[in-house]
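In each ligand, atom 1 is the first atom listed, and ligand 1 is the first ligand listed. Residues: numbered from 1 along the sequence shown. Bear in mind that the values here come from a model prediction, so they are computed numbers and not experimental data.
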Amino acid sequence: MGQKLVCSVCGREQEVPTCCDQSMILKNGYLLCCCSKDCGYQPIPECCGKKMVYN
Ligand SMILES: [Zn+2]
Ligand SMILES: [Zn+2]
C-alpha cells in the first residue's frame, strides 16, 4: 500500500494505478492486477520519455 511510481529524471511521483482495490504489480515491463489475469495489463506510465519506476 502507498507505493508510488517515480520518474528517475525529474523526480515526479504519482500513485501506482490500482485494480480490484489493490496496487498493480510490475511484471515483464507492464502493470498487472495481482488478483486476476482477466483484468489484463496496462503499460507503465512514462515521464520525461522514460518509464517510471517503483520507489
Ligand atoms: Zn519526469
Ligand atoms: Zn483487477
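Between C19 atom SG and C39 atom SG, the angle centred on the Zn ion (ligand 2) amounts to 110° (nearest 10°). Of the angles at the Zn ion (ligand 1), the one spanning SG of C47 and SG of C10 is 110° when given to 10°. Rounded to the nearest 10 degrees, the angle SG (C20) to the Zn ion (ligand 2) to SG (C33) equals 110°.
The neighbour count for Y54 OH, taken as heavy atoms of other residues, nucleotides or ligands under 6.0 Å away, is above 12.
Note that CE of M52 and CD of Q14 are 4.5 Å apart. Values are rounded to the nearest 0.5 Å. Taking OH of Y41 as the start and CD1 of I25 as the end, the distance is 14.5 Å to the nearest 0.5 Å.
The Zn ion (ligand 2) has no N, O or S atom of C35 closer than 2.8 Å.
Contact check for C7 versus K50: no side-chain heavy atoms found under the 4.5 Å cut-off.
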